[in-house]
Amino acid sequence: NILSNASKFTEKGKIILDISFNIFAENNMKLIFKVRDTGIGIKPTDMKKLFKMSAVILFVLIVFSACGRNESVSGKITSFPPYGERVVTAIGDSIAAGYGLDSQDDNYLTLFSDNIGAVLNNDAVSGYDSGEVLKSLSDEKTAADIKNADAIVVSVGGNDFFHRKDIMIDALKNALLHGEGFFPEEVTNIYDEYEKNLSRIIDEIKNMNPDAYIIVQTVYNPFLKQTLNFSYINVGKTANRYVTRLNDSIKNVCKTKNKVFVFDVAPEMNEDAENFYGTDEKLDIHPTKHGHATLARVFTEKFNGLLKD
């Protein structure tokens, strides 16, 4: 991959592959590969953008949204209270908490709950990762809200990566060297830890309220349709590899659980720039008031589609 990238951007001059090794013990050595070329490289002005590029990928992982389809081994929602007698509880991060909104009346969870005739208990906290959400289940109010809920919305994932920004910045540098699809072991460990935490979150909720339906949100990509670039790399497409991998983790966990649904809001969210605060100059993945309205509409449509006639 390194040589391939070098050949793509070296029209004149030379490409040198240097191989060396360090011996640590008998039958144990480390091979070191270095590639030098006279290609265009990274412009000096773009070098300053390295941290900005890594921040974009970190931020895009914080976002809420979803993967391919509504997925659940449960099929449909049955035995649900009638309109006006329903209770929804939300746990998670800044997206569910409505970060950036002037009024929580515009929060998609508030709008969704109003649309389906439910009372909302929103226990989401900005900045929470999956480990903190898991711990929050022992909070007296959160536990009471879960026990009294008919449906529970879980929004968490991005902060698991953002809280480990040093690892993700190193991963970005490796991606520049190794090409698409490269995930260092340190990053893979974050995905593994997230899957374990999400599975425990769902199991704990079921222990507290076995009759409740659980809706798990995954990740959208607010930069997918933008033209943000770092050197020759498209930011949206690069970030999408991490987003897709996170969505796969969520699907892998949810497909093993009963009465758990994954909602897809990504197509509607990704297509409209008005859904996000972020621009080429401002890195912000949180949904605008318009974005929350989009989320609420999609959430309502998918929920009503799951209700058994």
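Residue numbers count from 1 along this sequence.
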Is [Y] close to [X] at the side-chain level, that is, under 4.5 Å between some pair of heavy atoms?
{"X": "K251", "Y": "V253", "answer": "no"}
{"X": "Y213", "Y": "F261", "answer": "yes"}
{"X": "L307", "Y": "K76", "answer": "no"}
{"X": "V125", "Y": "V133", "answer": "no"}
{"X": "K302", "Y": "I215", "answer": "no"}

Using only atom types and a distance under 3.5 Å, with no angle test, would you say the side chain of [X] pairs donor to acceptor with the backbone of [Y]?
{"X": "S94", "Y": "A97", "answer": "no"}
{"X": "N209", "Y": "K147", "answer": "yes"}
{"X": "E132", "Y": "D129", "answer": "yes"}
{"X": "S113", "Y": "L109", "answer": "yes"}
{"X": "R86", "Y": "P81", "answer": "yes"}
{"X": "S199", "Y": "K196", "answer": "no"}
{"X": "S249", "Y": "E195", "answer": "no"}
{"X": "D93", "Y": "Y128", "answer": "no"}
{"X": "D150", "Y": "V87", "answer": "yes"}
{"X": "H163", "Y": "G127", "answer": "yes"}

Tell me every residue that passes ring pair (Phe, Tyr, Trp, His ring centres under 6.0 Å) with F112, counting only those two or more places apart in sequence or in another chain. F299, F303

Joint cluster assignment, [X] & [Y], ILVMFWY side-chain distance < 4.5 Å:
{"X": "V216", "Y": "L134", "value": "yes"}
{"X": "Y99", "Y": "L120", "value": "no"}
{"X": "Y191", "Y": "L198", "value": "yes"}
{"X": "M208", "Y": "I201", "value": "yes"}
{"X": "I152", "Y": "L137", "value": "yes"}

Derivation and outcome, side chain to side chain contact (heavy atoms under 4.5 Å, CB included), residues V154 and Q217: CA-CA 6 Å; V154 180; Q217 308 168 183; over 6 Å; no

Looking at [X] and [Y], what are the two nearest heavy atoms and their distance?
{"X": "C254", "Y": "V260", "value": "SG-CG1, 3.8 Å"}
{"X": "L295", "Y": "P287", "value": "CD1-CG, 4.2 Å"}
{"X": "A96", "Y": "S155", "value": "CB-CB, 4.0 Å"}
{"X": "L246", "Y": "G158", "value": "CD2-N, 4.4 Å"}
{"X": "F80", "Y": "A151", "value": "CZ-CB, 4.0 Å"}
{"X": "T300", "Y": "A296", "value": "OG1-O, 2.7 Å"}

Under 3.5 Å, is there a donor-acceptor pair between the [X] and [Y] side chains?
{"X": "T89", "Y": "D145", "answer": "no"}
{"X": "H290", "Y": "D272", "answer": "yes"}
{"X": "D139", "Y": "T142", "answer": "yes"}

If you measure from [atom1] on [X] to [atom2] on [Y], what distance do you get to the nearest 0.5 Å?
{"X": "E204", "Y": "I91", "atom1": "CD", "atom2": "CD1", "value": "10.5 Å"}
{"X": "L111", "Y": "I116", "atom1": "CG", "atom2": "CD1", "value": "12.0 Å"}
{"X": "R245", "Y": "F161", "atom1": "CZ", "atom2": "CZ", "value": "8.5 Å"}
{"X": "K257", "Y": "I205", "atom1": "NZ", "atom2": "CD1", "value": "10.5 Å"}

Is D102 salt-bridged to K289, cutoff N-O under 4.0 Å? no

Run Y108 and T294 through side chain to side chain contact (heavy atoms under 4.5 Å, CB included) and show every step you take. CA-CA 8 Å; Y108 75 98; T294 300; over 6 Å; no

Please evaluate residues I190 and R164 with respect to the criterion side chain to side chain contact (heavy atoms under 4.5 Å, CB included), reporting the C-alpha separation (whole Å), side-chain torsions for both, the decisive distance (0.1 Å), and the verdict. CA-CA 9 Å; I190 298 176; R164 297 166 174 83; 3.4 Å; yes

Name all residues meeting the side chain to side chain donor-acceptor pair (under 3.5 Å) criterion together with N148; count only those two or more places apart in sequence or in a different chain, and write none if there are none. none

Looking at [X], I'd like to know if its [atom1] atom is crowded, meaning that more than 12 non-hydrogen atoms belonging to other residues, nucleotides or ligands lie closer than 6.0 Å.
{"X": "R200", "atom1": "CZ", "result": "no"}
{"X": "K206", "atom1": "NZ", "result": "yes"}
{"X": "N207", "atom1": "CG", "result": "yes"}

If you apply the rule side chain to side chain contact (heavy atoms under 4.5 Å, CB included), what do you find for V88 with N121, and how did you get there? CA-CA 6 Å; V88 172; N121 296 310; over 6 Å; no

Test D160 against S130 for side chain to side chain donor-acceptor pair (under 3.5 Å), laying out the working first. CA-CA 6 Å; D160 287 63; S130 63; 2.5 Å; yes

Quick one, K141 with D123, criterion salt bridge (charged side-chain N to carboxylate O under 4.0 Å, His left out). Give me CA distance, side-chain angles, the key distance, then yes/no. CA-CA 8 Å; K141 179 182 182 302; D123 296 313; 2.8 Å; yes

Going through the checks in order, is the side chain to side chain donor-acceptor pair (under 3.5 Å) test met by E186 and N189? CA-CA 5 Å; E186 294 83 359; N189 291 340; over 6 Å; no

